[in-house]
Every structure is written in C-alpha cells, then in structure tokens.
Novice: 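What follows is a structure written as structure tokens; I'll ask about it next.
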There are 2 protein chains.
Amino acid sequence: MDVSQLLKGVLDVAVLAVVKDEDGYGYDVLRRLRAAGFDEIGDASVYGTLRRLYLNGSLTSYVVPSDEGPHRKYYAINDAGRTVLEESIKTWRGFADSIDQVLKLNREVAA
Amino acid sequence: MDVSQLLKGVLDVAVLAVVKDEDGYGYDVLRRLRAAGFDEIGDASVYGTLRRLYLNGSLTSYVVPSDEGPHRKYYAINDAGRTVLEESIKTWRGFADSIDQVLKLNREVAA
DNA sequence: AAAGACTACTGTGGAAAGCAGAGTACTCCG
DNA sequence: CGGAGTACTCTGCTTTCCACAGTAGTCTTT
C-alpha cells in the first residue's frame with residue numbers, strides 16, 4: 001500500500017491542525033509532520049498544500065526575515081480555516097470508523 | 001473535505017477485506033461497502049478497484065450465471081491478496097495513528 | 001407488449017493531489 | 001571556495017476516484 005495515496009485529502013487537515021497550534025512556515029510544518037509519523041512526506045506536497053489552503057482562504061500569510069537562512073513565509077489559521085478544520089475532523093472520524101469497521105479493527109474514542 | 005479524496009489508496013484494502021470474508025461480485029461488494037458507511041462511493045470506483053486487484057494478482061475471478069439478472073463476475077482473494085491485505089492493515093494502522101496524533105484524537109485499539 | 005426499474009458490467013475521459021526533479025537563493029562552517 | 005543546511009517556487013508525471021455513456025439481462029406494471 002502506498003502511503004502517498006493515503007495522504008490525499010488528509011494532508012489538508014494535518015497541515016491545518018499543525019498550523020492551528022502555532023503559526024508555521026513551510027519547512028517547519030514539514031518537520032513537524034515528519035516528526036508526527038509522516039516521515040516519507042515530500043516537501044513539495046507540504047508547500048503545495050499551504051499554498052492551496054492560502055488560496056482558498058483558510059490561511060493568512062506573512063513573511064519574516066531570518067538570520068539563519070532565507071526568509072520564512074509564515075502561515076496562520078483564520079476563522080474560515082478553523083471551521084474547515086472542525087468539519088474535516090468530523091469527516092475524518094466517520095471515515096476512519098468505516099474503515100475500521102470493514103477491517104474489523106475495534107477502535108474507540110477514548111476521550 | 002472531500003470523502004472521495006480520502007478513499008484514494010484505502011479502497012484497495014476495503015475491497016480486499018470485504019472479499020476476504022466471502023467471495024463477491026462487483027455489485028454486491030458495492031452494496032456491502034455502502035452498508036459499512038461508504039454510502040457515497042461510486043460504482044465505477046469499485047469495479048475499477050476489483051479489476052486492478054485482479055490484474056495485480058491479488059484476486060482470482062469466475063463467472064456465475066444468475067436467475068435474477070445478468071451474469072455475475074465473482075472475485076475471490078488468494079494468498080497474494082491476503083499478504084497484501086495484512087501489510088495494508090499495518091500501514092493503515094500506522095497512518096491512522098499519525099493522523100489521530102496530529103488531530104489530537106485519542107483512539108485506542110480495544111481488542 | 002411496451003415501459004420502467006433493478007441488476008450487473010465495461011470503457012472513456014476528466015480532475016484532484018502527492019511528488020520527483022530542477023532551479024533559485026541565503027547563511028554558516030571548514 | 002565548496003558543501004551542507006535552510007527555505008521556497010515551478011513544471012510535469014502518475015495514480016486513483018468518479019461521472020457518464022453504453023450494453024444487457026430479469027421482473028413488474030400498465
């Protein structure tokens with residue numbers, strides 16, 4: 001099974017969730033996602049997702065110069081993005097439950 | 001969030017899991033998946049997935065005439081398919097855990 | 001018997017999204 | 001000065017789901 005196919009559609013939520021905690025720039029979001037278990041994720045996927053979320057109005061953006069390298073393009077979540085995130089979490093939950101049912105994995109929401 | 005995007009890559013496992021329980025033909029697999037919660041799944045997706053799994057050697061196939069309509073093309077899982085299914089379940093589990101972690105959903109495998 | 005509904009499958013073409021690869025550019029270290 | 005690490009952009013490829021169209025069989029209803 002190809003993990004990159006599984007990411008389709010889910011990357012949006014993952015990126016929104018990560019940015020919701022704290023504003024982030026592309027390279028940083030990439031590191032945070034890799035640390036969370038998406039270790040094979042491609043950089044272009046993250047940059048592309050951030051751009052897409054910015055273009056559809058879920059994120060705002062600002063540039064900050066850096067002493068340790070090139071400038072950083074920060075992204076921050078806004079109200080629209082928070083709404084999308086909440087809806088997406090519900091969708092994900094229902095979807096994951098259906099899969100677990102078919103695979104007969106008994107998972108429960110613990111908290 | 002678009003459910004059809006979430007299906008990418010996962011449909012393979014879902015179909016394998018459904019067919020593993022009992023041999024099935026396309027229209028029937030479609031109904032079983034819809035009953036499991038994938039109520040918006042397109043028929044062409046299921047037929048396409050069955051064809052793909054057959055071509056890559058995970059399923060075998062045989063035709064059975066029917067009294068209630070056109071003939072039925074049954075698919076059965078084989079050893080290769082079972083191996084793919086087991087590997088895919090592991091991949092799914094790891095993937096879903098990563099998502100849950102990022103979304104801060106505390107799920108646990110109960111049994 | 002014609003019309004419609006349900007069953008059952010095939011094939012084509014389109015769209016979305018992840019990703020590889022190439023390119024740009026800045027900083028720091030040896 | 002060259003290499004490594006950081007940081008981003010852009011183009012084009014690939015996979016996969018799906019809408020749509022078409023074929024074809026059975027059964028019910030009018």
Novice: Within this structure, what is the NE2-to-C1' distance between A/His71 and D/dG5, rounded to whole angstrom?
Specialist: 16 Å
Novice: Which nucleotide wins on minimum distance to the side chain of B/Lys8, given the candidates D/dA7, D/dC18, D/dT16?
Specialist: D/dT16
Novice: Run the numbers on B/Asp28 and B/Arg32 for salt bridge (charged side-chain N to carboxylate O under 4.0 Å, His left out), then give the verdict.
Specialist: CA-CA 6 Å; B/Asp28 180 48; B/Arg32 288 199 244 167; 3.1 Å; yes
Novice: With a cut-off of less than 4.0 Å, is there a side-chain N or O of A/Arg31 near OP1 or OP2 of D/dT6?
Specialist: yes
Novice: Using 30° and 60° as the class limits, which term best fits the ring planes of B/Tyr74 and B/Tyr62: parallel, tilted or perpendicular?
Specialist: parallel
Novice: Determine, stepwise, if the pair B/Arg52 / B/Asp12 fulfils salt bridge (charged side-chain N to carboxylate O under 4.0 Å, His left out).
Specialist: CA-CA 9 Å; B/Arg52 204 166 56 242; B/Asp12 281 36; 2.7 Å; yes
Novice: Send over the distance from A/Met1 CE to C/dG18 P, rounded to a whole Å.
Specialist: 16 Å
Novice: Mapping A/Asp2 and A/Glu68 onto DNA chain D by nearest heavy atom, which one lands closer to the 5' end?
Specialist: A/Glu68
Novice: Is B/Gly9 touching bases, backbone alone, or none of the nucleic acid, heavy atoms closer than 4.0 Å?
Specialist: sugar-phosphate
Novice: On the nucleotide D/dT15, are OP1 or OP2 found under 4.0 Å from the side-chain N or O atoms that B/Arg52 carries?
Specialist: no
Novice: By nearest atom, which of the nucleotides C/dG18, D/dC10, C/dA8 is closest to the A/Ala44 side chain?
Specialist: D/dC10
Novice: Is there side-chain contact between A/Leu59 and A/Leu16, with at least one heavy-atom pair below 4.5 Å?
Specialist: yes
Novice: Where the side chain of A/Ser98 meets the backbone of A/Gly94, is there a donor-acceptor pair that is under 3.5 Å apart?
Specialist: yes
Novice: Round to a whole Å and report the spacing from NZ of B/Lys73 to P of D/dG25.
Specialist: 17 Å
Novice: CG of B/Leu50 versus C1' of C/dA8: gap in Å, rounded?
Specialist: 12 Å
Novice: Round to a whole Å and report the spacing from OH of B/Tyr27 to C1' of D/dA24.
Specialist: 14 Å
Novice: To the nearest angstrom, how far is A/Leu53 atom CG from C/dA16 atom P?
Specialist: 15 Å
Novice: Among D/dC17, C/dA17, D/dA7, which nucleotide has an atom closest to any side-chain atom of B/Leu11?
Specialist: D/dC17
Novice: Does B/Thr49 put a side-chain nitrogen or oxygen below 4.0 Å from OP1 or OP2 of D/dC17?
Specialist: yes
Novice: Considering only C/dA8, D/dC18, C/dG18, which nucleotide approaches the side chain of B/Ser45 most closely?
Specialist: D/dC18
Novice: Measure from the side chain of A/Gln5, starting at C-beta and using heavy atoms only, and say which of D/dT15, D/dC18, C/dT10 lies closest.
Specialist: D/dT15
Novice: Provide, to the nearest angstrom, the distance between the OH atom belonging to B/Tyr62 and the C1' atom belonging to C/dC9.
Specialist: 17 Å
Novice: The side chain of A/Ser4 lies closest to which of these nucleotides: D/dA7, C/dA8, C/dC19?
Specialist: C/dC19
Novice: Looking at the side chain of A/Arg51, which of C/dA8, D/dC10, D/dA7 is the nearest nucleotide?
Specialist: D/dC10
Novice: Taking OP1 and OP2 of C/dT10, is either one under 4.0 Å from a side-chain nitrogen or oxygen of B/Tyr47?
Specialist: no
Novice: Select from A/Pro70 and A/Leu7 the residue whose nearest nucleotide in DNA chain C is closer to the 5' end of that strand.
Specialist: A/Leu7
Novice: Do any N or O atoms from the side chain of A/Arg34 and from the backbone of A/Glu40 form a donor-acceptor pair under 3.5 angstrom?
Specialist: no
Novice: Identify which nucleotide among D/dC18, D/dC8, D/dT16 has an atom closest to any side-chain atom of A/Asp43, counting heavy atoms from C-beta outward.
Specialist: D/dC8
